[in-house]
Amino acid sequence: MCVCVSAACRPCADDELLMVICTSDFVVRGSIHHVEEDDEAQASVVLSLSHVYRQKSRVFVSGGRGRGRGRWTGRVKIPRRCGPRAAQGELLFTGAVRFQEAWLRCAALYKDFIRL
């Protein structure tokens, strides 16, 4: 299942997911650690990442355990209407960076991405 965060939070087609992966400012794999409510319209989702495939800006940072090994962390902004919640399993997150803030464009179960 892939959820695109454009005008409405909705499932996206396989070709749409592949296009988003190719054109996003960041592509990372991990899980939602917790959600912080920013205001009525948006939330900040704190991610615990196992892999950073691409990031154009340093919005995700390594947790450290020696020479860049270990988990990465970061946060992405998402509309609250999308209903972000922790413990949904391993996901592939993609998005855009605006004014040094990461904004989610699409989140897909990692196993579904591998299936593609």
Side-chain angles (χ1 to χ4, degrees):
M1 166 85 130
C2 172
V3 176
C4 288
V5 181
S6 54
C9 298
R10 60 172 176 74
C12 54
D14 291 349
D15 59 339
E16 198 173 8
L17 173 60
L18 293 175
M19 181 60 82
V20 167
I21 289 169
C22 292
T23 60
S24 289
D25 291 341
F26 65 86
V27 179
V28 296
R29 181 176 79 192
S31 59
I32 297 173
H33 186 264
H34 70 277
V35 178
E36 299 171 353
E37 308 295 327
D38 289 350
D39 59 34
E40 291 179 8
Q42 70 185 26
S44 288
V45 177
V46 179
L47 305 178
S48 175
L49 304 173
S50 58
H51 198 93
V52 175
Y53 296 102
R54 175 177 63 241
Q55 66 172 327
K56 291 184 178 178
S57 300
R58 290 198 38 88
V59 293
F60 303 103
V61 295
S62 175
R65 296 193 300 237
R67 298 195 50 120
R69 291 187 204 113
R71 308 278 296 175
W72 290 71
T73 59
R75 64 180 64 228
V76 295
K77 301 286 187 176
I78 183 172
R80 284 185 55 195
R81 71 179 180 282
C82 295
R85 47 187 199 279
Q88 294 179 325
E90 191 168 48
L91 300 164
L92 186 74
F93 300 94
T94 66
V97 176
R98 291 184 224 121
F99 303 109
Q100 294 301 311
E101 289 185 325
W103 289 84
L104 187 69
R105 285 179 64 192
C106 183
L109 288 172
Y110 184 71
K111 66 179 183 164
D112 291 345
F113 164 68
I114 293 299
R115 178 187 51 80
L116 286 176

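- To the nearest 0.5 angstrom, Lys77 atom NZ is 8.5 Å from Glu36 atom CD.
- In this structure, Phe93 has its ring center no closer than 6.0 Å to that of Phe26.
- Distance check, rounded to the nearest 0.5 Å: CZ of Arg58 to CD of Gln100 gives 11.0 Å.
- Looking only at side-chain heavy atoms (C-beta outward), Val97 and Glu101 stay at 4.5 Å or farther from each other.
- The residue from Val35, Val46, Leu47 that alone fulfils the side chain to side chain contact (heavy atoms under 4.5 Å, CB included) condition with Arg75 is Val46.
- Here the side chains of Leu91 and Phe113 are not in contact, with every heavy-atom distance at 4.5 Å or above.
- In this structure the side chain of Gln42 never reaches within 4.5 angstrom of the side chain of Pro79, judged on heavy atoms.
- The distance from the CZ atom of Arg80 to the OG atom of Ser44 is 11.5 Å, given to the nearest 0.5 Å.
- Leu49 has its side chain out of reach of Thr73: every pair of non-hydrogen atoms, C-beta onward, lies at least 4.5 Å apart.
- To the nearest 0.5 Å, atom CZ of residue Arg71 and atom OG of residue Ser48 are 4.0 Å apart.
- Side-chain N or O atoms of Thr94 include one that pairs as donor or acceptor with a backbone N or O of Cys106 at under 3.5 Å.
- Interatomic distance, CG of Leu92 versus CD1 of Ile21, reported as 5.0 Å (0.5 Å rounding).
- At least one side-chain heavy atom of Val76 sits under 4.5 Å from a side-chain heavy atom of Phe60.
- Both Val27 and Leu116 are members of a single hydrophobic cluster when ILVMFWY side chains are connected at heavy-atom separations under 4.5 Å.
- Judged by distance alone, the side chain of Glu16 and the main-chain N or O of Val20 form no donor-acceptor pair under 3.5 Å.
- Closest approach of Gly95 to Ser24, counting heavy atoms only: O-CB, 3.4 Å.
- The shortest heavy-atom contact between Glu37 and Ala43 is OE1-CB, 4.2 Å.
- In this structure, Arg105 does not pair ionically with Asp25, as no charged nitrogen and carboxylate oxygen lie closer than 4.0 Å.
- Between the CD1 atom of Ile32 and the CD1 atom of Ile78 there is a distance of 7.0 Å, given to the nearest 0.5 Å.
- You'll find the side chain of Arg29 reaches within 4.5 Å of the side chain of Tyr53, heavy atoms only.
- Looking only at side-chain heavy atoms (C-beta outward), Leu104 and Val45 stay at 4.5 Å or farther from each other.
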